[in-house]
Protein chains: 2
Amino acid sequence: MADAASPKTDSSKYPMPFTRIEVVLMTLVDGNLAVLLARRAQAPYAGKWALPGGVLRIDLDGSLEEAAARVVRERLATDLPDLKQLCAVGGPTRDPRAPWGLSIVYRALSLSGSTLPTAGKRIEELRWAPVESLAKGISLAFDHNTLVARATDAMREDVEEHDLPYGLLPAHFTLTELQQTCEAVLGHALDKSSFRRRLNDRDLLEPVDGEKRGGAFRPAQLYQRRARLRSLR
Amino acid sequence: MADAASPKTDSSKYPMPFTRIEVVLMTLVDGNLAVLLARRAQAPYAGKWALPGGVLRIDLDGSLEEAAARVVRERLATDLPDLKQLCAVGGPTRDPRAPWGLSIVYRALSLSGSTLPTAGKRIEELRWAPVESLAKGISLAFDHNTLVARATDAMREDVEEHDLPYGLLPAHFTLTELQQTCEAVLGHALDKSSFRRRLNDRDLLEPVDGEKRGGAFRPAQLYQRRARLRSLR
DNA sequence: ATAGTTCGTTGCACATAACTACTAAGACTT
DNA sequence: AAGTCTTAGTAGTTATGTGCAACGAACTAT
């Protein structure tokens, strides 16, 4: 801090940016990482696909996380865990509706194979788009292609660092399901024994005792994430 | 996106947050990672130490990065490279001067052992504080203790991922200097041969040919960072 | 029973890292 | 000029982690 010249008029002295929340909601569709897109009804970029988002409401939101949760709820009529802040972007040409646009971007995860979220208020049409199709080809409104790319990268880095995408899975899952999910996120295959060894060594999971599951053939042990001890801070 | 109900009055329809930039400027002081603090002259938190920062000026700043660069320039009378966005934090109780405060936090690096930056406009007093002393003990204004902790963590993660803190070093440096810098950031010793092998394997550096340097005893080869090929995106 | 499929584990070759020890090069002392 | 002090830089050895392949276990279907 350190600005102190002006008494208490600071908040009204300067015009403030038009501040929004954007959400990169990811899931797996047929084993491919996909993001949720919403079709824009109005200008700018009318008719184009874009990330769902909404204006920051300082009268409603107690924090940025709450704002993101509210946007998801209003737009998609769902509650989603695993919200994670990705980045903030801003500039004078970001949004034609205002002289200076600022967006705080969040990433969220949705259970793989879940149905399309209900279109909430002010949503025209929703659609899952594989991130691959966005990387090369389909162009989104604003800089949303870049944001999706950043979200995808962040997601992969997380998985590589054993910050597993539990949000894509039900609370209880088999190791094979977990592995397939990670493979889908990363975009390449993983070795079974190495994968399991890593999980074991790091105590990331704990078995859900007694329970098993299997449509056919040998049933698999179910696991759940172990409460991660981030310990001190 | 997807809000479209209102024509073009969006930017004036909702009150916007009081948006600031905060800077966690880090350097090494006597081999310890330290952050720059500025003493607050006015309320809130008058007399307390806090991170330097400033209001986002939508009339001056072409982007958040530019805003951070401007804040550093104005407050500290220096230009600094290696600006990196850390996170955004916001909420109604963040800043008593406004109903809702939003801060975009940047991390910057300053050459180790450099003198205290000149106090720029509206700065009372500056001081380097070892991050260790902040982790347990000294309490800063706002949530700045948390921000420093996050910056420190991010810094350590970067170094572990071989994203080396070049900003703390001059353009040309010896491998020993680099290693000592990394050790100071991480807070523990590193093995010399492993460290060098890693650097070599990853082609992170290139020797500055001919040049060497040494106050006494055997001179060491100087190196500089090799332009990192982030290639496609 | 037997075949078929998935689960889960083990053994081993290989790569990568940490740890120890060594040689090399210059400065200073005598 | 020789010795030694200190730091630079390199091996070589041991531990650890990963990738690959194979195997027995568990269950279904026929």
Side-chain angles (χ1 to χ4, degrees), chain A residues 31 112-113 156-164 169-170 172-226, chain B residues 28 31 112-113 156-164 169-226:
Chain A
S112 299
R156 293 191 170 139
E157 279 172 27
D158 282 354
V159 172
E160 270 162 10
E161 296 162 17
H162 309 103
D163 203 346
L164 303 176
L169 291 160
H172 296 174
F173 47 82
T174 69
L175 294 183
T176 305
E177 287 166 351
L178 176 59
Q179 183 179 342
Q180 287 169 345
T181 300
C182 290
E183 288 173 340
V185 170
L186 292 173
H188 61 81
L190 296 171
D191 177 67
K192 184 166 63 162
S193 66
S194 310
F195 184 73
R196 289 156 117 97
R197 240 184 330 217
R198 268 198 298 269
L199 295 176
N200 221 330
D201 291 351
R202 282 158 230 263
D203 288 324
L204 295 177
L205 305 178
E206 55 190 11
V208 180
D209 42 42
E211 292 190 281
K212 291 175 186 243
R213 182 212 293 174
F217 313 112
R218 175 176 176 177
Q221 175 68 52
L222 285 178
Y223 289 85
Q224 64 186 10
R225 71 181 300 184
R226 188 189 294 261
Chain B
L28 294 187
S112 299
R156 292 191 170 139
E157 280 171 26
D158 282 354
V159 172
E160 269 161 11
E161 297 162 17
H162 310 105
D163 202 346
L164 303 176
L169 291 161
H172 296 175
F173 47 83
T174 69
L175 294 184
T176 304
E177 286 166 352
L178 176 60
Q179 184 178 342
Q180 286 169 345
T181 300
C182 290
E183 287 173 342
V185 170
L186 293 173
H188 61 81
L190 296 171
D191 178 67
K192 185 165 62 164
S193 65
S194 307
F195 184 72
R196 288 156 118 98
R197 184 166 28 73
R198 265 201 301 270
L199 293 176
N200 221 331
D201 291 351
R202 282 156 228 266
D203 289 324
L204 296 177
L205 304 178
E206 56 190 10
V208 180
D209 41 43
E211 291 190 281
K212 291 176 188 242
R213 181 213 292 174
F217 313 111
R218 175 175 175 177
Q221 175 68 52
L222 285 178
Y223 288 84
Q224 65 186 10
R225 72 180 299 183
R226 188 187 294 261

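The chains referred to below are lettered A, B, ... by the order of the sequence lines, with proteins before strands, and numbering in each begins at 1.
- Between B/F195 atom CZ and D/dG9 atom P there is a gap of 12 Å when expressed in whole angstrom units.
- Regarding contacts with the backbone of C/dA17, every side-chain N or O of B/S194 stays at 4.0 angstrom or more from both OP1 and OP2.
- The interatomic distance linking A/D191 (CG) with C/dA15 (C1') rounds to 14 Å, in whole Å.
- For the pair A/L222 CG and C/dG8 C1', the computed distance is 14 Å after rounding to whole Å.
- Inter-residue side-chain proximity for A/F173 and A/L205 is flagged as met; some heavy-atom pair is nearer than 4.5 Å.
- Per the geometry, OH belonging to A/Y223 stands 8 Å off C1' belonging to C/dG8, to the nearest Å.
- Across the protein-nucleic acid pair, B/R197 atom CZ and C/dC19 atom P stand 12 Å apart, rounded to whole Å.
- Here the side chains of B/L190 and B/Q180 are not in contact, with every heavy-atom distance at 4.5 Å or above.
- Between B/L175 atom CG and D/dT10 atom P the separation is 9 Å, expressed in whole Å.
- In this structure, B/Q179 atom CD and D/dT7 atom P are separated by 14 Å, rounded to whole Å.
- A/R196 has a side-chain polar atom (N or O) that falls below the 4.0 Å cut-off from OP1 or OP2 of C/dG8.
- Neither OP1 nor OP2 of C/dT9 sits under 4.0 Å from any side-chain N or O of A/S193.
- Side-chain contact check for B/R225 versus B/L164: every heavy-atom pair is 4.5 Å or farther apart.
- A/L186 has its side chain within reach of A/E160: a pair of non-hydrogen atoms, C-beta onward, lies under 4.5 Å apart.
- Among the nucleotides D/dC20, D/dC5, C/dT5, the one closest to any side-chain atom of B/F217 is D/dC5.
- Looking at B/L175 and B/F195, their side chains never come closer than 4.5 Å, going by heavy atoms from C-beta outward.
- A donor-acceptor contact under 3.5 Å is not formed by the side chain of A/T174 with the base of C/dC7.
- Considering only the side chain of B/K192, D/dG9 comes nearest among C/dG8, D/dG9, C/dT6.
- Closest approach to the A/R218 side chain among C/dC7, C/dA17, C/dC19 is made by C/dC7 (side chain taken as heavy atoms from C-beta onward).
- Here the C1' atom of nucleotide C/dT9 and the CZ atom of A/R198 are 16 Å apart, to the nearest Å.
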